[in-house]
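The block underneath contains the structure these notes are about, expressed in structure tokens.
Below, chain A is the first sequence line, B the second, and so on; all start at residue 1.
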Protein chains: 2
Amino acid sequence: MDKYALFNKWVSFTASVHSVTHELTKDAKSDSITPVQYNILESITVSQKPITPSEISDCQHLSMPNTSRELKKLSEKNLIEKLSDTKDRRKQYIRLSNEGEAMMNETFKLVESRFLNRIQHTSEEDLEDIDRALDVLQSKLFY
Amino acid sequence: MDKYALFNKWVSFTASVHSVTHELTKDAKSDSITPVQYNILESITVSQKPITPSEISDCQHLSMPNTSRELKKLSEKNLIEKLSDTKDRRKQYIRLSNEGEAMMNETFKLVESRFLNRIQHTSEEDLEDIDRALDVLQSKLFY
DNA sequence: TATTTTAGTTATCAAATGATAAGTGAAGAG
DNA sequence: CTCTTCACTTATCATTTGATAACTAAAATA
């Protein structure tokens, strides 16, 4: 296997992924929040469990002061709730409020419908190929 | 095939792609340019042929005035060159200068070495699985 | 030839983001 | 009981980015 060719394939692949992701998600986000705030909400959504500001800071590559600022704004918009840990009172847990959850549900529903639309004419075999390919790449390359 | 399950798989897959991409490219970009400027240079690099400001504007989802501003900055940094079309003198073609090309080469070399590092312990069979999976997804999902 | 459209520019403004210094209060270590 | 570290906050500032209006010059079209 030519690893250099594989690298080039990877480059154009990731470009496609970015472009398709943009296409499926554009204008799906409520315009009451900024892109960074959306990313934060998304990461809270996907991590089922409540998540701490430090974790958000890490996985979003945001400094703690900036994370804190954005969480405050999200809180003021009533999209998230902060709970302090009963054991370690320095820590906080962030979760979506009902309003935040409703908003993210709506966004995801729209993105999902666009996704389904995109694969509506895909044959059953192709869908299974895609499914397997996603598994392969997730486990062997994008881990 | 459960298309809803496939959607969820797609969501976590794209999240992984973004995260790995970030990991491989972080600090690879020269800090004399901004993220948006890097994206522009990248798109000039990958499109082998010279590219017009309008095309950059389209594929980067940037307005023309902002595209123009950033191209001007890149030009002032001697990273790109503008050539005007001899037939239609409204049009311009943008290409990397020698300096810009050198800079992008260096960045790509670093990213490539990180990529090779990441797959260095991957078996030949797995590499071929990855290669096929990239082809499948590129042609059937991220087209 | 007069009018409209196209490709790109300039200027300006507001908002979003990134970076840094300094502070709070709680937990942990000696 | 002090000192240090940890998790997070507040304040502030510079830079980047996005949006808009008004402009130039060159096609294209009527």
Side-chain angles (χ1 to χ4, degrees), chain A residues 18 22-23 25-44 47 49-77 79-95 103, chain B residues 18 22 25-44 47 49-77 79-95:
Chain A
H18 280 79
H22 179 271
E23 195 180 314
T25 57
K26 80 174 163 196
D27 308 324
K29 312 161 187 171
S30 155
D31 39 336
S32 64
I33 57 172
T34 71
V36 170
Q37 286 166 11
Y38 175 80
N39 290 337
I40 292 176
L41 290 183
E42 195 180 54
S43 72
I44 300 173
S47 121
K49 312 186 176 183
I51 182 174
T52 67
S54 311
E55 289 169 324
I56 293 173
S57 168
D58 279 354
C59 76
Q60 297 290 320
H61 316 287
L62 266 176
S63 69
M64 270 304 285
N66 292 335
T67 304
S68 182
R69 176 184 61 200
E70 299 307 322
L71 288 176
K72 190 181 176 192
K73 290 181 189 167
L74 287 170
S75 192
E76 284 163 353
K77 293 175 187 175
L79 295 171
I80 61 169
E81 283 164 4
K82 301 182 180 184
L83 311 163
S84 47
D85 190 324
T86 45
K87 292 179 188 166
D88 184 341
R89 293 193 343 238
R90 289 171 306 182
K91 280 192 192 169
Q92 288 193 344
Y93 291 106
I94 310 293
R95 66 173 186 205
M103 185 177 128
Chain B
H18 281 77
H22 180 271
T25 56
K26 78 175 164 195
D27 307 324
K29 311 161 187 173
S30 154
D31 39 336
S32 65
I33 57 173
T34 69
V36 169
Q37 286 166 11
Y38 176 80
N39 290 337
I40 292 176
L41 290 182
E42 196 180 52
S43 71
I44 299 172
S47 120
K49 311 185 175 184
I51 183 176
T52 66
S54 311
E55 289 169 325
I56 294 174
S57 168
D58 278 355
C59 76
Q60 297 290 319
H61 315 287
L62 265 175
S63 69
M64 271 302 288
N66 292 336
T67 304
S68 181
R69 176 185 62 201
E70 298 307 322
L71 288 175
K72 190 181 175 191
K73 289 181 188 166
L74 287 170
S75 192
E76 284 162 354
K77 292 175 188 175
L79 295 170
I80 61 169
E81 283 165 4
K82 301 183 182 183
L83 311 164
S84 47
D85 189 324
T86 45
K87 290 178 190 168
D88 184 340
R89 290 188 352 233
R90 290 171 305 183
K91 281 191 190 169
Q92 287 193 346
Y93 291 106
I94 310 292
R95 65 172 188 206

Using a cut-off of strictly less than 4.0 Å, decide whether [X] has a side-chain nitrogen or oxygen near OP1 or OP2 of [N].
X: S68(B); N: dT10(C); value: no
X: K82(B); N: dT9(C); value: yes
X: Q37(B); N: dT17(D); value: no

If you take atom types as modelled and just measure distance, does the side chain of R90(A) reach the base of dG28(C) with a donor-acceptor pair under 3.5 Å?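 Answer is no: no donor-acceptor pair is held.
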Is K73(A) paired with E76(A) through a side-chain N to carboxylate O contact shorter than 4.0 Å?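 Judged by the 4.0 Å cut-off on N to carboxylate O distance, E76(A) and K73(A) do not form a salt bridge.
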Tell me which nucleotide among dA26(D), dA26(C), dT16(D) gets nearest to the side chain of R89(A).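 Nearest to the side-chain atoms of R89(A), counting from C-beta on, is dA26(C).
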Given dT16(D), dA7(C), dA27(C), identify the nucleotide with an atom nearest to the side chain of D88(A).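 Nearest nucleotide to the side chain: dA27(C).
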Please classify the nucleic acid contact of [X] as base, sugar-phosphate, or nothing, using heavy-atom distances under 4.0 Å.
X: T52(B); result: sugar-phosphate
X: N66(B); result: base
X: Q92(A); result: sugar-phosphate

Within residues 56-65 of chain B, residues whose heavy atoms come under 4.0 Å of DNA chain C: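 M64(B), P65(B) - these, ordered by number, are the residues of the stretch whose heavy atoms sit under 4.0 Å from the strand.
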Check the distance between dT15(D)'s P and Y38(B)'s OH and give it to me in whole angstrom.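 About 24 Å, once rounded to whole Å.
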Who are the side-chain hydrogen bond (donor to acceptor under 3.5 Å, both in side chains) partners of Q92(B), not counting sequence neighbours?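 Testing Q92(B) for side-chain hydrogen bond (donor to acceptor under 3.5 Å, both in side chains), a comparison that skips the adjacent residues, returns none.
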